[in-house]
Amino acid sequence: MITIKTEEQIRGMKEAGVILCKTHLALKRILRPGLRALDVDAFAEAFMHYKDATPEQKGYEGFPYALCMSVNDAVCHGFPDERRLEDGDILSIDNVVRYHDHLADSCWSYGIGKMSAEDQKLMDVTKEALYRGVDAVRAGNRLVAIGQAIQPFVEAQGFSVVRDFIGHGIGKEMHEDPQVLHYVTKHRGIRLQPNMVLTVEPMINAGTWHVKMDDNGWTARTADGKKSCQYEHTMAVRPDGPPEVLTEQSETSLTDEEIAWIDSYPFD
């Protein structure tokens, strides 16, 4: 069932979005080759708690971590583990923040160290695909407009759009209706209405769009072993014009106190 949010609910989700953005800004300060993935996860969870928020993913249907950390051929839902980040990795970090009973969801990708031209292109195209999809989120548009904005652009760049994982509505629950496809189908979908809140989160692969699952039952990987990348925003549909993006990092910044907390965090 699709829920239409109140302005108060959207404001609450925006507040959660600010903390989510600050978490990613904090991550940008610490990510580097040699850092253990499990330590990144612990850092992010500690930062969320420091901001009086909680990681909604942890415990969701048994998921054991605060972050989904997907590296290179991992498409989504990657487990933080003992692996240390390496020069040239593409790292996609997806997290959901709960703050005062409101949720926000975003994924951001990071190039670790020096990136190859091909990998940088994959990241750039994926981010552009996200914002093309965001721009299609307009009151009165059919859901298919999002896929129409993303798929032809991505494929013209020589990449592919994952079909198995999609965007979604979000509100009191992490995953609500409607389902948001990033590719084109013959089904046009519902018309978007003001104050619907949803995610656009294209997962773009360097090779085939097909995926395979790890034995952990969560992590999806590219079927051909080539790299993948993801970016995601949560947004509210507005009556006129573009949506209000609730997880836009450029609209927030870290305070001096937050930077001091980050810089004093006790990494091993």
Side-chain angles (χ1 to χ4, degrees), residues 20-44 47 65-95 105-134 150 153-162 165 182 199-209 211 219-222 224-233 245 247-254 259 262-263 265 267:
L20 188 152
C21 290
K22 285 178 178 284
T23 303
H24 277 280
L25 293 175
L27 287 164
K28 286 179 183 178
R29 290 184 65 88
I30 60 100
L31 290 173
R32 61 184 184 274
L35 199 59
R36 194 175 65 141
L38 275 170
D39 292 334
V40 175
D41 183 72
F43 166 84
F47 183 84
Y65 303 103
L67 303 177
C68 294
M69 294 182 63
S70 303
V71 183
N72 295 333
D73 68 325
V75 174
C76 60
H77 307 153
F79 278 21
D81 55 19
E82 296 287 347
R83 184 190 194 281
R84 293 188 181 274
L85 299 176
E86 297 180 2
D87 207 49
D89 282 344
I90 294 178
L91 169 63
S92 297
I93 295 181
D94 188 358
N95 68 308
D105 184 1
S106 182
C107 179
W108 216 249
S109 287
Y110 303 91
I112 305 300
K114 185 177 181 180
M115 305 300 293
S116 70
E118 179 183 5
D119 290 348
Q120 188 60 57
K121 179 183 177 183
L122 175 60
M123 295 181 69
D124 293 343
V125 167
T126 306
K127 186 186 288 187
E128 176 68 18
L130 166 66
Y131 282 101
R132 287 177 179 242
V134 168
I150 292 174
F153 165 71
V154 168
E155 292 180 350
Q157 307 302 314
F159 301 130
S160 65
V161 180
V162 171
F165 300 93
H182 307 111
T199 73
V200 173
E201 48 182 299
M203 286 153 254
I204 308 303
N205 292 350
T208 179
W209 60 264
V211 303
T219 305
R221 297 186 183 276
T222 58
D224 56 10
K226 294 185 178 180
K227 289 185 179 181
S228 184
C229 183
Q230 181 189 7
Y231 287 92
E232 173 190 13
H233 275 316
V245 177
T247 52
E248 181 54 71
Q249 295 177 29
S250 64
E251 296 180 359
T252 190
S253 60
L254 294 168
I259 291 171
I262 294 162
D263 289 347
Y265 184 82
F267 286 107

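- Under the salt bridge (charged side-chain N to carboxylate O under 4.0 Å, His left out) criterion, Glu128 pairs with Arg132, not counting sequence neighbours.
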What's the verdict on side-chain contact (heavy atoms from CB on, under 4.5 Å) for Val134 and Val245, showing C-alpha distance, side-chain angles and the deciding distance? CA-CA 8 Å; Val134 168; Val245 177; 3.9 Å; yes

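- With contacts defined as side-chain heavy-atom distances shorter than 4.5 Å, the pair Met123/Ile90 qualifies.
- Aromatic ring pairs are classed by plane angle as parallel below 30°, tilted from 30° to 60° and perpendicular above 60°; the pair Trp108 and Tyr231 is perpendicular.
- The closest side-chain heavy-atom distance from Val162 to Ile204 is not below 4.5 Å.
- Nearest heavy-atom pair, Leu20 versus Ser106, reported as atom, atom and distance to 0.1 Å: CD2-CB, 3.3 Å.
- Summarising the geometry of Ala26 relative to Leu254, their closest heavy-atom pair is N-CD1, 4.1 Å, with the distance given to 0.1 Å.
- Side chains of His77 and Asp94: a donor-acceptor N/O pair is absent below 3.5 angstrom, by distance only.
- Residues Phe43 and Ile30 share a closest heavy-atom pair of CE2-CG1, 3.8 Å.
- Nearest heavy atom pair, residue Asp41 against residue Ala66, reads OD1-N, 3.1 Å.
- In this structure, the side chains of Cys76 and Met203 come closer than 4.5 Å at one or more pairs of heavy atoms.
- Note that OH of Tyr110 and CG of Leu27 are 5.5 Å apart. Values are rounded to the nearest 0.5 Å.
- In this structure, CD in Gln157 is found 10.5 Å from OG1 in Thr126, a value given to the nearest 0.5 Å.
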Could you go through Leu85 and Arg36, starting from their C-alpha distance and side-chain angles, then the distance that decides it, and tell me whether this counts as side-chain contact (heavy atoms from CB on, under 4.5 Å)? CA-CA 6 Å; Leu85 299 176; Arg36 194 175 65 141; over 6 Å; no

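- A heavy-atom distance below 4.5 Å is found between the side chains of Leu31 and Ile93.
- You'll find the side chain of Leu91 reaches within 4.5 Å of the side chain of Met69, heavy atoms only.
- For the pairing with Gln230, the side-chain contact (heavy atoms from CB on, under 4.5 Å) check across Ser70, Cys107, Cys68 returns one residue only, Cys107.
- Summarising the geometry, atom CZ belonging to Phe267 is positioned 6.5 Å from atom CG belonging to Asp39; distances are rounded to the nearest 0.5 Å.
- The line from NZ of Lys22 to OG1 of Thr252 is 4.0 Å long, rounded to the nearest 0.5 Å.
- Contact record, Ala129 with Phe153: N-CE2, 3.8 Å, taken as the closest heavy-atom pair.
- Residue pairs satisfying the salt bridge (Lys or Arg N to Asp or Glu O under 4.0 Å) criterion with at least one member in residues 107-122, sequence neighbours excluded, are listed as follows: Asp119-Lys227.
- Note that OG of Ser92 is 11.5 Å distant from CD of Glu201, once rounded to the nearest 0.5 Å.
- Here Asp89 pairs with Arg83 in a salt bridge; the nearest charged N to carboxylate O distance falls below 4.0 Å.
- Taking 4.5 Å as the limit, some side-chain heavy atom of Leu130 sits within range of a side-chain heavy atom of Val200.
- Contact between Arg32 and Ile112 at its shortest, heavy atoms only, is C-CG2, 3.9 Å.
- With 3.5 Å as the limit, one finds no donor-acceptor pair spanning the side chains of Asn205 and Thr222.
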Quick one, His233 with Asp105, criterion side chain to side chain donor-acceptor pair (under 3.5 Å). Give me CA distance, side-chain angles, the key distance, then yes/no. CA-CA 7 Å; His233 275 316; Asp105 184 1; over 6 Å; no

Given Leu38 and Tyr65, is the side-chain contact (heavy atoms from CB on, under 4.5 Å) satisfied, shown in steps? CA-CA 9 Å; Leu38 275 170; Tyr65 303 103; 3.7 Å; yes

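- Here the side chains of His24 and Asn95 are in contact, with some heavy-atom distance below 4.5 Å.
- Listed by first and then second residue, the salt bridge (Lys or Arg N to Asp or Glu O under 4.0 Å) pairs involving residues 65-81 are Asp73-Arg221 (not counting sequence neighbours).
- Residues Gln249 and Leu25 have side chains in contact (heavy-atom distance under 4.5 Å, counting atoms from C-beta outward).
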